[in-house]
Amino acid sequence: MNTATDTAIQAAAAIVEDYFTAPVRTLLDWVDPFAAEVFDARTAGPLTRSRIDALVEPHALRTLDLPGVPVYGAGFIAAIDLLSDAHSHLAWWQGEDRRQLVLASQSLNKENIDYSALEWFRVPMATGEPHVAGPYVDYLCSDEYTITIAVPAEVDGRRIGVAGLDLLVSSVEQDLTHRFAALGCEVTLTNGVGRVVVSTDPRWATGDSVRGSGLADLPRVACAGVALDVIVDPR
């Protein structure tokens, strides 16, 4: 890697780290106070969907107002069987109207919502660390290509679910591609399993795999604090 390429890839990584630091920090800032509120609520009686919703809503609405980052949705996803009146539950607000999400299956067949194997829930629950998942088509919430950032919540050493937020890939692309383009080379952002998130190179689309492609042999660096890599093509 020559000096110009090294400078460009480090600059691209810095752009990504700066962009994702604010949403991760926002979740970290409210997840512990929220967990303390859940602890207090649990000592006063059974945890129900309505009680969790009331605790989550102010945190979710503040997250939707995060300046400089296009947060589409935010809230809390409860651990399976945490609540007394539901097997699973998403306390989630989203969209321009900031309305609470109501899934058809929540009102008709609550027991069939099982998100426990989905990356954005499974990884932070297993590791205890913040996680960036995506891009993926979010059939639960937006039906759009989405990136989800999630942070686990704990009460008495038990993980009770994840605080999370959604970024639509289309919005992330609008924010990042012009910053990447200013670096004078083609920049591709990939996730932890080598799928393209956004790219300034028209040959690569969201969801393309790095493995076996022309991207695999190009200079690549991991972004600190998020499970994302940047790849540059100096041509």
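Quantities reported herein were computed from a predicted structural model and do not represent experimental measurements. Reckoned from all heavy atoms, side chains included, excluding hydrogens, waters and symmetry mates. For reference, positions follow the sequence shown, starting with 1.
Looking only at atom types and distance, the side chain of His89 has a donor-acceptor partner in the side chain of Asp53 under 3.5 Å away. Neither side chain, Tyr72 nor Thr146, offers a donor N or O lying under 3.5 Å from an acceptor on the other.
In this structure, the side-chain contact (heavy atoms from CB on, under 4.5 Å) partners of Val221, at least two apart in sequence or on a different chain, are Ile9, Gln10, Ala13, Val230. For the side-chain contact (heavy atoms from CB on, under 4.5 Å) test, residues two or more places apart in sequence or in another chain that qualify with Arg203 are Asp201, Asp233, Arg235. With sequence neighbours left out, the side-chain contact (heavy atoms from CB on, under 4.5 Å) criterion links Pro152 to Pro124, Arg159. For Arg158, the side-chain contact (heavy atoms from CB on, under 4.5 Å) test picks out Arg42, Leu82, with sequence neighbours left out. For the ring pair (Phe, Tyr, Trp, His ring centres under 6.0 Å) test, residues two or more places apart in sequence or in another chain that qualify with Trp30 are Phe34, His59.
Leu55 and Ala41 make their closest contact through CD1-CB, 4.1 Å (heavy atoms, listed as atom of the first residue, atom of the second, distance). The two residues Glu119 and Val132 come nearest to each other via the heavy atoms OE2-O, 4.1 Å.
Legend: ring pair (Phe, Tyr, Trp, His ring centres under 6.0 Å) pairs involving residues 181-209, not counting sequence neighbours: none detected.
When the options Arg179, Glu173, Glu186 are evaluated for a side chain to side chain donor-acceptor pair (under 3.5 Å) with Thr200, the one that passes is Glu186.
Put simply, the side chain of Asp208 gets close to the backbone of Ala205: a donor and an acceptor are under 3.5 Å apart.
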